[in-house]
Amino acid sequence: MTEPRSRTHLRCHILASLMATLLFGSVAAAESADEGWEARYAKARALLVAGKEEDAAPVFEQLAKEAPTPEDERRAEELAEICRSKLRAKSGPSYLRSQGEMTLLYSTAFVYGLGSSAWVALLVEPKNMAAAVLPFAVITTASVGGVALADAYLPFRRGVPQSIASGAYLGLGEGIWLVGIQHSGAARRDDGSEWDGKRVATALWGGATLGAIGGGVIGALRQPTPGRVSFTLSTSLWGGLVGSFGAAALTQNDERRTEQAFTAGLVGYNVGLLGGLIFAPSVAPSIERVRFIDLGGIGGGLAGAGLYTLLASGHEKSQASLGAASVGAALGLGLTWWATSGMPSDPPKQSARPLTLLPSLVRTPNGWLATVSGQL
């Protein structure tokens, strides 16, 4: 009886020893794993404190997946979100304008200020140098400074500075075509009805002003990308140039050629403007692609005119040269459009700041004034 009991006690002792070894081994392994997770967590937190959010963010995301407890997972996920928030703050909101857009708007404001100063000087006809220089100093500074103050108070949306600048140039183009039609018609009639300098300056300044206002409103309402705005400006310019050159080449009446060329240019200009507004959202080209296409049109026009000059061998005519330039520009635009079809597009980014327009009525001594206010 003694021997079996001793064997039984021995077996129980061995079994208890094995169970204790397994238990304490698993606990030690768990503690070791916890220490490894905590060590990585401490290193990632040190990276976050040091300002290296781009290195700390993926570590925290991995720690959240491997967390031993729900509390540890929550800690890691919170710090990962902090890293992502800081990275977004560094890159800036995607709905705000870029520095390239502001550079274009500042340069446009400077040119607009000079043009406005010249317009005022023509209307006022200053009698001395100080009165002549004063509008340039005041209006140009106010034009550029107004853009800076507006953007400092509330930064422009993405695409709005490009829309304002492009609208100013488009409005200026409308004025140029109208002045060309009026002057060529007056020259054909030879009745002395050409616009004087004041009327010409008013037409150009008014077109640029209305275009800038319209561009700002369209940019705020439609929120286009800079590439879409550049595309619309390009289609307008090329529509006017190709239409004008083509009409000059096809018109047989020498007396009416210039007038019809300007008229066809104005029609093509506005057809291109309408087409750009309609098709730009679906095409969504980048600014780089639009610039390449513009270069293709310029190169095609020069190549067409140059090839005609070589083939004519000294018998060239300006009418046929304009027609060759028009055909070459159209071919250059088409070929460059096809060649750049693989370039990445520039789709609109989701805006984080919704557009708000607030209509209101203001009582005046003579009645009521309706106003609409909002943010660009």
Q) Have R257 and Q319 got a donor and an acceptor in their side chains that come within less than 3.5 Å? A) yes
Q. Stepwise, does the side-chain contact (heavy atoms from CB on, under 4.5 Å) test hold for T140 with S117?
A. CA-CA 7 Å; T140 305; S117 304; 3.5 Å; yes
Q. Linking I/L/V/M/F/W/Y whenever their side-chain heavy atoms sit closer than 4.5 Å, directly or via other members, would V59 and W37 fall into one cluster?
A. yes
Q: Identify the two heavy atoms, one from M343 and one from S286, that lie closest to each other, and give their separation to 0.1 Å.
A: CE-OG, 4.4 Å
(Q) Could you see if L335 belongs to whatever hydrophobic cluster contains L302? Use Ile, Leu, Val, Met, Phe, Trp, Tyr and a side-chain cutoff under 4.5 Å. (A) no
Q) Between atom SG of C83 and atom CG of L47, what is the distance when rounded to the nearest 0.5 Å? A) 8.5 Å
Q. Shortest non-hydrogen contact from L233 to S166?
A. CD2-OG, 4.0 Å
Q. Any side-chain heavy atom of Y308 sitting closer than 4.5 Å to one from V327?
A. no
Q.
Please determine whether side-chain contact (heavy atoms from CB on, under 4.5 Å) holds for the pair T336 and L295, giving the CA-CA distance in whole Å, both sets of side-chain angles, and the decisive distance to 0.1 Å.
A. CA-CA 8 Å; T336 314; L295 290 175; over 6 Å; no
Q. Between CZ of R74 and CG of L79, what distance do you get to the nearest 0.5 Å?
A. 10.5 Å
Q) With a 4.5 Å heavy-atom cut-off, do S163 and I218 have their side chains touching? A) no
Q) For T258, what residues pass the side-chain hydrogen bond (donor to acceptor under 3.5 Å, both in side chains) criterion, not counting sequence neighbours? A) none
Q: Determine yes or no for a side-chain-to-main-chain donor-acceptor pair under 3.5 angstrom, with S236 supplying the side chain and T232 the backbone.
A: yes
Q. Are any side-chain N or O atoms of S234 and backbone N or O atoms of S230, one a donor and one an acceptor, separated by less than 3.5 Å?
A. no
Q) Would you say the side chain of E38 lies within less than 4.5 Å of the side chain of D72, judging by non-hydrogen atoms? A) yes
Q. Among the clusters formed by ILVMFWY side chains lying less than 4.5 Å apart, do V124 and I139 turn up in the same one?
A. yes
(Q) So which atom in L322 and which in A248 form the shortest heavy-atom distance, rounded to 0.1 Å? (A) CD1-CB, 3.7 Å
(Q) Under a 3.5 Å distance rule, please check whether R45 uses its side chain to pair with a backbone N or O of A56 as donor and acceptor. (A) no
Q: Establish whether I176 and Y169 are linked, either directly or via other cluster members, by ILVMFWY side-chain heavy-atom contacts under 4.5 Å.
A: no
Q: State whether the number of non-hydrogen atoms from other residues, nucleotides or ligands found under 6.0 Å of Y41 atom OH is greater than 12.
A: yes
(Q) R157 vs E101, test: salt bridge (charged side-chain N to carboxylate O under 4.0 Å, His left out). Steps then yes/no. (A) CA-CA 10 Å; R157 296 163 172 265; E101 285 190 83; over 6 Å; no
Q: Say whether, by atom type as modelled, one donor and one acceptor occur between the side chain of R97 and the main chain of M102 under 3.5 angstrom.
A: no
Q: Scan for salt bridge (charged side-chain N to carboxylate O under 4.0 Å, His left out) pairs involving residues 124-148, sequence neighbours excluded, and state none if there are none.
A: E125-K198
Q.
Parallel, tilted or perpendicular, judged at 30° and 60°: which one describes the rings of W205 and Y112?
A. parallel
(Q) I need the T209 OG1 to L172 CG distance, nearest 0.5 Å. (A) 10.0 Å
List the atom pairs, with distances to 0.1 Å, where a side-chain N or O of residues 263-275 and a protein N or O form a donor-acceptor pair under 3.5 Å, not counting sequence neighbours.
residue : atom : partner : partner atom : Å
T263    : OG1  : E259    : O            : 2.8
Y269    : OH   : L170    : O            : 2.8
N270    : ND2  : E174    : OE1          : 3.4
N270    : ND2  : L266    : O            : 2.8

Q: Can you measure from CG (L237) to CG (D294) and round to the nearest 0.5 angstrom?
A: 8.0 Å
Q) For Q260 and N253, what are the C-alpha separation, side-chain angles and deciding distance, and is it a side-chain contact (heavy atoms from CB on, under 4.5 Å)? A) CA-CA 10 Å; Q260 291 186 2; N253 191 337; 5.6 Å; no
Q: Check side chain to side chain contact (heavy atoms under 4.5 Å, CB included) between D191 and all other residues, then give those that pass, not counting sequence neighbours.
A: A186, R189, S193
(Q) With a 4.5 Å cut-off on side-chain heavy atoms, are R158 and P226 touching? (A) yes
Q | Shortest non-hydrogen separation from L104 to S107 and the atoms involved | A | O-OG, 2.8 Å
Q. For the residue pair G297 and L333, what are the closest heavy atoms and their distance?
A. CA-CD2, 3.6 Å
Q. Got a sec, which residues hit side chain to side chain contact (heavy atoms under 4.5 Å, CB included) with A118, two or more places apart in sequence or on another chain?
A. F136
Q: Please name all residues satisfying side-chain hydrogen bond (donor to acceptor under 3.5 Å, both in side chains) with S184, sequence neighbours left out, ordered by chain then number.
A: none
Q: Kindly give the heavy-atom pair with the smallest separation between E61 and A80, and that separation in Å.
A: CG-CB, 4.0 Å
Q. What distance do F279 atom CZ and T235 atom OG1 have between them, rounded to the nearest 0.5 Å?
A. 10.5 Å
Q: Using the salt bridge (charged side-chain N to carboxylate O under 4.0 Å, His left out) rule, take E78 and R75 through it: C-alpha gap first, then chi angles, then the decisive distance, then the call.
A: CA-CA 5 Å; E78 287 177 352; R75 283 194 299 156; over 6 Å; no
(Q) Within the supplied structure, the quantity of interest is the number of heavy atoms (other residues, nucleotides, ligands) at a distance under 6.0 Å from E66 CD; does it exceed 12? (A) yes
Q) What is the distance from atom OG of S143 to atom OH of Y106, rounded to the nearest 0.5 Å? A) 11.0 Å
Q: Dump the intermediate steps for side-chain contact (heavy atoms from CB on, under 4.5 Å) on L63 and F60, then the final yes or no.
A: CA-CA 5 Å; L63 287 171; F60 282 122; 4.3 Å; yes
Q. Just wondering, more than 12 heavy atoms not from R199 lying within 6.0 Å of its CZ?
A. no
(Q) Hydrophobic clustering (ILVMFWY, side-chain heavy atoms < 4.5 Å, transitive) - are L105 and F110 grouped together? (A) yes
